[in-house]
Amino acid sequence: MRRAKPAVRRAATDDDAVIRTRRLTKRYGTLTAVDNLDLVVHRGEIFGLLGQNGAGKTTTILMLLGLTEPSSGEARVMGLDPEREPRLVKRRVGYLPDAVGFYGGLSGRQNLRYTANLNGLRRDVAEHAIADVLEQVGLTDRADDRVDTYSRGMRQRLGIADALVKTPDLLILDEPTTAIDPLGVVEILELLRRLVNERGLAIMLSSHLLTQVQSVCDRIGIFAAGRLVGQGTVDELAATFGDGTATIEVGLELPTPADRSRAQAALGSLSGVTEVNPPAKDGDPWQVVVRPASGEGRVRQEILVVAVDQSLRLTTLRPVVPSLDDIYRLAVTRTAA
Amino acid sequence: MSAADTTLTADPVVAEPAAATPRDPLPRAGWRVVAAKELGDHLTSVRFVVLLVVLGLAAAIPLYFAADQIRSIAPQASGFSAVFLALFTLGSQDISVLRVYEFVGIVAPLLGLAFAFDAVNGERSEGTLPRLLAQPIHRDDVINGKFAAGMAVIGLVLVVVVGFIAGFGMLRLGIVPHGNEVLRLLAWVIITFLYVGVWLAFGLLLSVLVRRAATAALIGFGIWLLITIFGQLITTLVNGILAPAADATPDAILANAQIQQFITRLLPSTLYRETSVVLLNPSVNQISAPTSIGQVQQAQQQIQSLFSLDQSFLLVWPQVVALVFLLVVCFAAAYVAFMRQEVRA
Ligand SMILES: Nc1ncnc2c1ncn2[C@@H]1O[C@H](COP(=O)(O)OP(=O)(O)O)[C@@H](O)[C@H]1O
Ligand SMILES: [Mg+2]
């Protein structure tokens, strides 16, 4: 029950939840697209919904927006029930659908104007908001060109601008980085981080790309076959789904083979260390595997002491953050088993 | 049981009150915003210009023949009322279909189909539908707005074309409509509007049910072709099969005539044509097959006299009701199908 800890910590500030679902379920015939989902997203955070194609991410998002009815369970978005008050929810939530489309014959600005009108914004407020969001996504120069002439990346940024026009409290982005070139991805992720910092809104994004989610999200929910198999920060997920070990990278200057065996013996003698792997190439760091993972901090300090005692020259000393790839693979296989 | 389950199932979902930040109120008439945008699209579209030209031509060609005839009767026309309406009802003496109302009846369905066949499936394939439905409007605002915009643009086209014909009559032929004629003309325009509305609603239905706009257009066009060009052919064929034997009693013949008429009236084009004929011709006093021998005799003895508009209207109200019914059925089907559809394609 290690996972219980963060949940208890957050219980005190539960009213800052922008999204909260309870046993949310969607069935299409015999297929359960979303299965008893319990999810919390807090104000001011970027939450990543991670899962392969068909995992149920889009279905979840559609239920949160009141665009499709849950089969059972309930959802609250900004404290509102999207099933009963979809318009109030949609007034406060900006949504970027996957494969977002625009009216190609209209300019970017005209497209945003339509959205502003649909949100009932006053004309002057709307024009101001439109100029603002266009500036924010870096489309001011091209705002009056037909959307037909935009690149994929520009459309995606226009989509984010479109979701922002209503000055939302929450942004829900479905696969915002899919089909974008790597440079464009970095741009979009930076934009999202900036939005959270400047506007203080919450973002929930879905993705099937692990590295991107890892780089921008504060917390992550791992989705597999309609079920949420894990939820938390990367560290928390690692603690839950890792194999119970932690790895420390130790960079050492070891000129002679004798030094090397001395180092091997010294590191291996520390309590909790199960493996000491010398580098394949000189100059690369050694890998020290610690079990249990919670002993990682203590072992790191002991390495410092040992290095001084044995007069080994230490160049680097840092824990290896487990890659989300590993966590994801483990989470999915473990839950399937 | 996953980690998430164990941590969250315990606490119930707490309904947080909506933040009290002052906001613009929810937009009240989303359908108007949709309609305004759609109307703007229609008016700047190529299809608007094309249809205006096609319908204009459809009116101008028979008008040429009508003008010829009106000129030839003009000298003795002083006692002839409803000369102005003749612009719409007269035509070539050789080709009966060459009349304004006939031509408009043929082309008008295209007008309705053209402004609706891609209304919903177009948004779907462009990927704009989820974005549109994620705005704080009602879902039916989308389909209502699109229907309203279609009706508005149709009304505009009809007014322009009828205005063109009337202007031609007044300026080039020097004939001026009487009050009664203006009313009849107005009634005819409204019926035409209604008839095009049926096709607009039908096009809308296709745009909801058929995922590809091109397929929807093809189906709509096919049905138009079937009804307009082959409609009479088909009913003639069916009636030929049902024709009474040569030695049938008069009652049997009458009954058969009624069946034939019923079959013809299943077609909206027939409903429209019959209504047009009566509304534009004050002298037409009968469109139904007689239902008894007495009526046949009565009709033969009847003196040719002009009907007032309300008398004419009494003749065609079943047709008008049928048209309204068709429109409502088509739109309701489109509406229900749209409301039940998944947002995703
Ligand atoms: N309208 C629908 N009818 C039937 N099944 C559907 C429908 N929409 C989605 N699904 C199924 O639900 C599952 C989840 O889909 P989705 O939420 O789109 O996944 P993701 O967004 O994670 O790729 C998939 O197996 C998909 O085939
Ligand atoms: Mg998806």
Side-chain angles (χ1 to χ4, degrees), chain A residues 1-4 6-7 11 14-15 17 20-23 36 38-40 58 62 65 67-68 74-76 78-81 86-93 95-97 99-105 114-115 117-122 125 159 162 166 169 221 227-232 240 335, chain B residues 1-38 40-41 44-46 122-139 141-142 145 340-345:
Chain A
M1 287 302 293
R2 275 167 298 176
R3 290 280 296 120
D14 255 354
D15 54 341
R20 177 177 288 270
T21 69
R22 192 166 124 82
R23 306 216 144 264
N36 283 306
D38 292 310
L39 191 72
V40 186
T58 301
L62 293 180
L65 288 164
L67 291 177
T68 194
E74 51 187 300
R76 290 288 180 277
M78 316 305 302
L80 301 162
D81 182 351
R87 290 170 69 218
L88 286 174
V89 170
K90 291 189 280 189
R91 182 64 191 82
R92 300 182 60 186
V93 180
Y95 169 50
L96 172 74
V100 63
F102 290 95
Y103 305 104
Y114 186 33
T115 302
N117 289 341
L118 289 166
N119 279 278
L121 297 188
R122 286 213 329 263
V125 176
D162 181 72
K166 60 177 85 162
D169 300 317
R227 291 170 52 85
L228 191 72
V229 297
Q231 179 172 204
T240 315
T335 327
Chain B
M1 171 148 270
S2 80
D5 282 339
T6 57
T7 57
L8 277 173
T9 44
D11 44 28
V13 172
V14 189
E16 169 198 358
T21 47
R23 281 183 170 273
D24 307 275
L26 281 176
R28 221 165 296 141
W31 71 270
R32 271 198 238 154
V33 179
V34 175
K37 186 255 174 196
E38 293 292 317
D41 283 358
T44 53
S45 66
V46 177
E123 300 257 5
R124 237 177 234 293
S125 55
E126 290 291 311
T128 48
L129 192 62
R131 211 164 49 80
L132 184 56
L133 293 176
Q135 307 310 325
I137 54 173
H138 295 290
R139 186 181 271 215
D141 283 338
V142 173
R340 296 168 64 103
Q341 247 172 7
E342 282 282 328
V343 171
R344 276 181 286 186

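Here is the naming used below: chain letters follow the sequence lines, and residue numbers restart at 1 for every chain. Nothing here was measured: the structure is a model prediction, and the numbers come from that model.
- The minimum heavy-atom distance linking B:I137 with A:K90 is given by the pair O-NZ, 4.0 Å.
- Contact of A:D162 with chain B is made through the side chain alone, with heavy-atom distances under 4.5 Å.
- Interface remark: A:L62 contributes side-chain atoms only to the contact with chain B (heavy atom separation under 4.5 Å).
- Rounded to the nearest 0.5 Å, atoms CG (A:L67) and CZ (B:R139) are 7.0 Å apart.
- Listed here is the closest heavy atom pair of A:N119 and B:P136: OD1-CD, 2.9 Å.
- Distance check: B:Q135 CD to A:R87 CZ gives 12.0 Å after rounding to the nearest 0.5 Å.
- Your options are B:T128, B:V34, B:V33, and the one with the most heavy-atom pairs under 4.5 Å with chain A is B:T128.
- In this structure, the side chain of B:R131 engages the main chain of A:G101 through a donor-acceptor pair within 3.5 Å.
- To the nearest 0.5 angstrom, B:L132 atom CG is 4.5 Å from A:Y103 atom OH.
- Using a 4.5 Å cut-off between heavy atoms, B:D141 does not touch chain A at all.
- Contact tally against chain A (heavy-atom pairs below 4.5 Å) for B:R32, B:K37, B:E126: the top residue is B:K37.
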